[in-house]
There are 2 protein chains.
Amino acid sequence: MRVTIADVARLAGVSKATVSRVLNGRPDVDGATQARIEEIMAETGYVPSSRAVDLARGRTRTVGVLAPTLRTAWMPELLQGVADVVEPSGYGLLLHSAAGGGPALERFAASVRGHAVDGVLAVDPGAALDHLRDLHRQGLPVVVVDTVGARAPLPSVGADYADGGRRAAELLLAAGRLRLAMITGPAEEPTGAACADGFADLLTGTGAVLRASHVTEADGTEQGGYDAVQRLLRARLFFDGLFAHGDAMAAGALRALQEAGRQVPGEVAVVGFGDVPPAAYTVPALTTVRVPWEEMGGAAARSLIDRLRGEPGSDEPEVFETSLVIRGSTPPVGRIPGQRNRRAARTAELPAFRTSALATEPVPEL
Amino acid sequence: MRVTIADVARLAGVSKATVSRVLNGRPDVDGATQARIEEIMAETGYVPSSRAVDLARGRTRTVGVLAPTLRTAWMPELLQGVADVVEPSGYGLLLHSAAGGGPALERFAASVRGHAVDGVLAVDPGAALDHLRDLHRQGLPVVVVDTVGARAPLPSVGADYADGGRRAAELLLAAGRLRLAMITGPAEEPTGAACADGFADLLTGTGAVLRASHVTEADGTEQGGYDAVQRLLRARLFFDGLFAHGDAMAAGALRALQEAGRQVPGEVAVVGFGDVPPAAYTVPALTTVRVPWEEMGGAAARSLIDRLRGEPGSDEPEVFETSLVIRGSTPPVGRIPGQRNRRAARTAELPAFRTSALATEPVPEL
DNA sequence: CTGAAAGCGCTTACAG
DNA sequence: CTGAAAGCGCTTACAG
């Protein structure tokens, strides 16, 4: 039979209240009494029931994480960033994938309304945003991670996408590219607008041009990027620099350029966006605007947990800088502001793309 | 103030027990009473407290998922497969990353001992295996997902890695390659042994040879695969077919071969293992042995939930078939000899046998 | 420094 | 078909 606090109290000859005090590290317990209780707990292998603690305390020490899908290239980084903060803080991480659509969101809502979590960390909530805002108004701590440039009316963490666009432009200019082309993502994703604005912004007053004819929309996929470049080529448009608002589209662009016999980066320099793992394995490896997924996840988690602990927390969005990861799809250039060390990019920053995860760390007695 | 079952009971003029009966869909409630109670619940927006339900029922309807790290290329697929089964079943998914080492495992153990979860799904538990076995002995439902060929003394789900090795060999033979080379992963990972056995197995009696000199070990990374091929080339060893026990190493191999001016697949055909997203973005795109990550996750989740529901569940490992995904790193070949026969034969002996036909080229999204 | 008692919000025999 | 009561295993004022 499971050992309860009552058992420990009886064996130690004290009340449950005193055992509870020891359990919660309250200072007002006699040293000898505490030692005796701790000994009994160790002997019996007593572990408090989290179910009972939760009910009595009125909270669960669990945060809900809502993500539209787990099947995104940056999700492992982001999620690990979240877990690395949430778990050491003593909180559990209850994962909800909204991939199932309506029913999945209803389960999430039920979980929240049933107080299964103390707070919510939502990644790109999309249509669930209104619901989250209601919850937030009702006092539930909520933090949003925005990976698509959607400014949420809630505490949020995002990246400076416009600045990312600027960095891409800067690099292409530094490489001497003057006739530029751009592949945007789906129009619904605000990232594109921000990226495009930043890109165009930096171009003004330089000799470089990005004509409307050279801007084409794709669906965010590799195939979409491939098709987009084919459209540009078929229209006989000339360009020596290309910025794609996503690494997948950039990878497709590389494929189309290669098939067309265009040298990369010699004839066309290509810059992607995101720096997800596959970007490092294209040929040539993709130069891209790095978004700090893991840091963003960690910051959102920290912000949420601070709120759970009653610390204020700013309502201003926490915006992360992007940076350039220069690989082979752009020619070597001199130093550019915000550029990450090239050598580091090739070694330390190469994403750990391993097919196995055998634990190597020493494991304590459990 | 939060609405409780007592509030609903009072408003409906019945006892808490009757409200509880309606809540749990018990049939023995008067129709009119039930309707009245349901109306009140809707009006008040009543949602049962999961904390209280958990304590009263003695379970949490939550499964713990333990993964050594979330930062693996196949993790999104696997996790989505798990979530797609767990969530619609009405269970929550409490995610534990063991990435923090000892402390992380201790938190996991505390969570389990505190009965925060009804069962555990462990991905490649490694050193935590002993602890899981103890828990299983003590009656906790546990299912292991094995992605590295580590046969666990617990209910488990894995893939037929030896058969994957056979498929790779078969394809290289069909492409007419007779002088083969192999890059194995870290020796601690049993996958390698199984793959290698299957590979060698199929080669016996054919004209193809895999000499010990042509087998080299790498660390599972892209750079490791690159270095491995450089070693082979520097030793002036000839090979026209290469099998790497991981897509990352295969990607590195492609890079090294390209740098050395060897045509792929013309001079060297390359087959990887895993079919993780980056495999589709190498140039040429990587032919690889597909491991059904998502299905494996789903099967493990289903098995765990069946056990939680008291259904027996076999203790035999549930072994999934691998399949070939043929892309550009191997030359086009006709039907692969013996494939259909072998598959039919295996159907009979494997417990839960699912396979995708020779896959065409699914390009994962970044 | 410690204990008795109430309370967290449900479920579940047991009676009727 | 329904209710009163005990119980799940803790925490937390309130007294002393």
Side-chain angles (χ1 to χ4, degrees), chain A residues 1-38 40-41 44-62 90 92 110-118, chain B residues 1-38 40-41 44-62 90 92 110-118:
Chain A
M1 212 41 243
R2 187 187 166 74
V3 181
T4 71
I5 197 175
D7 300 324
V8 175
R10 189 170 17 79
L11 291 170
V14 299
S15 71
K16 292 189 298 173
T18 299
V19 178
S20 178
R21 289 189 184 97
V22 171
L23 232 33
N24 295 289
R26 300 234 196 284
D28 51 350
V29 179
D30 179 77
T33 310
Q34 173 177 345
R36 187 153 31 95
I37 292 174
E38 276 167 351
I40 305 251
M41 296 199 295
T44 56
Y46 169 70
V47 177
S49 156
S50 53
R51 294 188 292 247
V53 174
D54 288 350
L55 180 59
R57 281 216 258 247
R59 53 188 184 148
T60 55
R61 294 188 76 82
T62 296
S111 160
V112 171
R113 305 203 55 215
H115 286 200
V117 297
D118 294 344
Chain B
M1 212 42 241
R2 185 188 166 77
V3 180
T4 70
I5 197 174
D7 300 322
V8 175
R10 190 168 19 78
L11 291 170
V14 297
S15 73
K16 292 189 299 174
T18 299
V19 177
S20 178
R21 289 189 184 99
V22 170
L23 232 33
N24 294 290
R26 299 235 196 284
D28 53 350
V29 179
D30 178 76
T33 310
Q34 174 177 346
R36 187 153 33 93
I37 292 174
E38 275 167 351
I40 306 248
M41 295 199 298
T44 55
Y46 170 70
V47 177
S49 155
S50 54
R51 294 189 289 248
V53 174
D54 287 351
L55 179 59
R57 282 215 258 249
R59 52 186 186 149
T60 55
R61 294 188 75 81
T62 296
S111 159
V112 170
R113 305 203 54 215
H115 286 200
V117 298
D118 294 344

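On a predicted model such as this, the values are computed, not experimentally measured, just so you know. In what follows, chains are A, B, ... by sequence order, proteins preceding strands, each numbered from 1.
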Could you tell me whether a side-chain N or O of [X] sits under 3.5 Å from a main-chain N or O of [Y], the two making a donor and an acceptor?
X: A:Arg36; Y: A:Ala12; result: yes
X: B:Ser50; Y: A:Gly114; result: yes
X: B:Asp30; Y: B:Ala32; result: yes
X: A:Ser20; Y: A:Lys16; result: no

Legend entry - Nearest-0.5 Å distance, CZ of residue B:Arg26 to OG1 of residue B:Thr18: 11.5 Å
Inset, instruction - Supply the atom-to-atom distance A:Tyr46 OH to A:Asp7 CG, rounded to the nearest 0.5 angstrom. - result: 9.0 Å
Give a yes/no on whether any side-chain N or O of [X] is located under 4.0 angstrom from OP1 or OP2 of [N].
X: B:Ser20; N: C:dT11; value: yes
X: B:Thr18; N: D:dG3; value: yes
X: A:Thr4; N: D:dG9; value: no
X: A:Arg26; N: D:dT12; value: yes

Side chain of [X] (C-beta onward), nearest among [options]:
X: A:Val29; options: D:dT2, C:dT2, D:dC10; answer: C:dT2
X: A:Lys16; options: C:dA4, C:dC10, D:dC10; answer: D:dC10
X: B:Asn24; options: D:dT2, C:dG9, C:dT11; answer: C:dT11

Inset, instruction - Give A:Asp28 one of three labels, base, sugar-phosphate or nothing, depending on what nucleic acid heavy atoms sit under 4.0 Å from its own. - result: base
Inset, instruction - Provide the closest heavy-atom pair for B:Arg113 versus A:Arg2 in the form atom of the first, atom of the second, distance. - result: O-NH1, 3.4 Å
Please tabulate the protein-to-nucleotide N/O contacts below 3.5 Å involving nucleotides 14-16 of chain D, giving atom names and distances.
none

Whole-Å gap separating [atom2] ([N]) and [atom1] ([X]):
X: A:Arg10; N: C:dT2; atom1: CZ; atom2: P; answer: 19 Å
X: A:Leu23; N: D:dT12; atom1: CG; atom2: P; answer: 11 Å
X: A:His115; N: C:dC10; atom1: NE2; atom2: C1'; answer: 15 Å
X: A:Arg2; N: D:dC8; atom1: CZ; atom2: P; answer: 12 Å
X: A:Arg113; N: C:dG9; atom1: CZ; atom2: C1'; answer: 16 Å

So, do [X] and [Y] sit near enough that their side-chain heavy atoms are less than 4.5 Å apart?
X: B:Arg21; Y: B:Val14; result: no
X: B:Met41; Y: B:Leu23; result: yes
X: A:His115; Y: A:Asp54; result: no

Inset, instruction - Take B:Ser49 and A:Arg36, find for each the nucleotide of DNA chain C with the closest heavy atom, and name the residue whose nucleotide sits nearer the 5' end. - result: A:Arg36
Inset, instruction - Searching all strands shown, indicate the nucleotide that pairs with C:dA13 (Watson-Crick or G-U wobble; both distances under 3.5 Å). - result: none
Inset, instruction - Go ahead and name the base partner of D:dA4; Watson-Crick or wobble counts if both distances stay under 3.5 Å, otherwise write none. - result: none
Inset, instruction - Between B:Thr33 and A:Pro48, name the one whose nearest nucleotide on DNA chain D is closer to the 5' end. - result: B:Thr33
Inset, instruction - Pull out every residue in residues 51-62 of chain B that has a heavy atom closer than 4.0 Å to any atom of DNA chain D, ordered by number, or say none. - result: B:Leu55, B:Ala56
